[in-house]
Amino acid sequence: MKPTYSMQTVATDEVVPKSRRVYFEVFGCQMNKLDAELMLEGMMQRGYQLVHDPAEAGVILYNTCSVRERAEERAVMRMTSFKRRKMEEPDLILGLTGCVAQHKQEELSDRAPWIDLIIGTREFDRLPDLIDEARGESTSLLATDMDSPLEFVRQRNLGPQPWHAYVSVMRGCDMVCTYCIVPTTRGKEVSRPPEVILDEVRRLADEGVKEITFLGQTVNSYGKRLGAGIGLDTLLRGVEEIDGIHRCHFITSHPRFMRPKLIQAMADCSKVMNYLHLPVQSGSDSMLARMKRTYDRSFYLQSIERLREKMPDITLATDFIVGFPGETDAEFEDSLTLVEEVGFDHGYVFQYSPRPGTVSADHLQDDIDLEIKKERNHALLEALGKSGKSRNERFLGRKVEVIAEGTSKSDDTRWAGRARDHRTVIWPANDDEKPGSFVVVEVDRTSAATLYGKRVEGPSETPILPPEMRS
Ligand code: SAH
Ligand code: SF4
Ligand code: F3S
């Protein structure tokens with residue numbers, strides 16, 4: 001079994017006992033990936049080692065996601081597959097962390113008392129202590145306080161790629177989108193002070209990180225409650241001054257907070273990638289109102305217009321939900337036409353999944369047939385694919401700068417990496433390819449999501465093309 005997220009194992013000759021070997025599965029969003037890295041770092045400081053085979057581990061952790069029912073069920077089912085081993089091997093520690101742990105805490109401890117640890121989203125800094133405490137206990141230990149300050153000083157990047165790191169800028173969400181469980185699982189919005197974040201970025205740069213992704217549930221509302229004048233733009237301008245970091249982007253933005261100050265900073269800063277993920281959820285005003293998204297179609301379109309005034313070539317990605325309660329054919333049609341009107345480069349489509357505890361699950365009937373959800377999902381993906389394909393064609397003949405990642409998944413004679421607008425780029429491998437290096441690829445073919453071409457410059461440790469040739 002291959003873990004869902006391969007964090008870096010740090011090579012060491014030391015042989016640690018089984019009780020100090022940890023296996024980690026990570027589900028859900030980038031925030032969950034970073035949280036797993038932070039948990040692992042805390043454990044490594046206490047002598048734990050990461051292993052990639054659960055059979056070798058004395059501690060098995062699942063960092064879980066609640067956003068859709070399937071994600072939640074998958075994590076709990078996979079954890080259940082360890083139940084028998086736990087009966088035979090009582091010293092084994094099983095821990096469920098993250099959003100499902102936060103959301104289903106009591107239900108889980110009743111339903112699965114053989115799970116030793118249930119640790120929510122704001123207390124995972126206590127993980128090593130909690131493991132010690134759980135040893136020898138026969139019931140689940142719960143750590144799900146939402147008011148915990150969750151402070152950590154991060155020393156290293158344990159993400160799968162040494163040249164890329166996630167950096168958390170805020171936690172939680174103050175919005176009230178009616179379908180969404182995240183405010184329940186992640187709590188109120190709390191921003192970290194800018195100097196703490198920028199110090200962390202500097203440390204990561206010293207370690208060899210070249211690209212960072214700032215993370216927050218509504219990352220572009222960063223700075224709330226920190227005092228006047230502090231926003232995501234403060235961080236982008238701060239990163240511009242940090243040697244060694246060459247690229248930076250941020251997820252996930254909320255359309256409500258695409259303020260002029262932020263757009264100006266994105267346009268001014270040469271390190272900010274030419275890419276924005278701006279989930280719209282629906283193109284219909286009545287749907288957006290029922291979802292309580294706090295904007296309408298024309299507000300969204302205006303944000304895009306303001307953005308394109310300053311960054312005409314920006315790559316835009318989005319999320320849609322189909323089959324939200326009461327979605328009529330006409331309302332769905334509005335999502336289809338929005339794809340064309342905006343000209344998205346890329347988009348994700350999710351079928352509405354009622355999450356108990358949310359307003360829509362508790363007060364609205366999940367009345368759209370699964371078949372219709374599937375049809376709408378398919379139709380919207382098709383429209384997004386068409387839009388993506390035509391947007392990709394403008395890259396034909398262009399030179400794009402790429403950070404090389406490794407051999408392509410489908411063909412090991414080719415290499416893959418990401419352009420400065422986050423697009424995947426593929427080229428025939430040369431003898432000297434190196435993960436994390438910059439190369440320039442001249443594009444000679446495009447598909448809906450990918451650019452193909454030949455390497456014409458690089459590899460280089462630093463960027464090759466001038467900043468004005470951003471994508
Ligand atoms: N904070 C981000 C993303 C939150 S979850 C934002 O505000 O955009 C990621 C995506 O999952 C959302 O953009 C939404 O499209 C989808 N999603 C959230 N809740 C859902 C639900 N109950 N059913 C289906 N999709 C959902
Ligand atoms: Fe969920 Fe809405 Fe918050 Fe995003 S902004 S995390 S969709 S409540
Ligand atoms: Fe899932 Fe929690 Fe992220 S619900 S999407 S892991 S914030």
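Numbering of residues begins at 1 and proceeds along the displayed sequence. For ligands, and for the atoms within them, numbers begin at 1 and follow the listed sequence.
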**Q.** Near-ring test Tyr62/Phe27, centroid separation under 6.0 angstrom
**A.** yes
Q. Aromatic ring centroids of His277 and Phe250 under 6.0 Å?
A. no
How far is [atom] from the closest protein heavy atom, and which atom is that?
atom                    : result
atom 2 (Fe) of ligand 3 : Cys99 SG, 2.2 Å
atom 5 (S) of ligand 1  : Val67 CG2, 3.8 Å
atom 23 (N) of ligand 1 : Ser353 N, 3.0 Å
atom 24 (C) of ligand 1 : Gln351 O, 3.4 Å
atom 3 (Fe) of ligand 2 : Cys173 SG, 2.3 Å
atom 1 (Fe) of ligand 3 : Cys65 SG, 2.3 Å
atom 15 (O) of ligand 1 : Gln281 OE1, 2.7 Å
atom 2 (C) of ligand 1  : Gln217 O, 3.5 Å
atom 3 (Fe) of ligand 3 : Cys29 SG, 2.3 Å
atom 17 (N) of ligand 1 : Arg68 NH1, 3.5 Å
atom 4 (S) of ligand 3  : Ser66 N, 3.2 Å

Q: Between Arg293 and ligand 1, find which residue part has any heavy-atom pair under 4.0 Å and reply side chain, backbone, both or neither.
A: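 The part of Arg293 near ligand 1 is the side chain, not the backbone.
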**Q.** Sub-4.0 Å heavy-atom approach of Met175 to ligand 1
**A.** no
Q: List every atom of ligand 2 that sits less than 4.0 Å from any heavy atom of Cys177, numbering the atoms from 1 in the order shown and giving each element.
A: 2 (Fe), 5 (S), 7 (S), 8 (S)
Q: Please say whether Ser253 places an N or O atom under 3.5 Å from an N or O atom belonging to ligand 1.
A: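 So ligand 1 has no N or O lying under 3.5 Å from an N or O of Ser253.
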**Q.** N or O pair under 3.5 Å between Asp319 and ligand 1
**A.** yes
Q. Does Cys180 bring an N, O or S atom to under 2.8 Å of atom 3 (Fe) of ligand 2?
A. no
Q: Have a look at Pro183, Gly172, Cys29 and point out the one with the heavy atom closest to atom 8 (S) of ligand 2.
A: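 Looking at heavy atoms only, the winner is Pro183.
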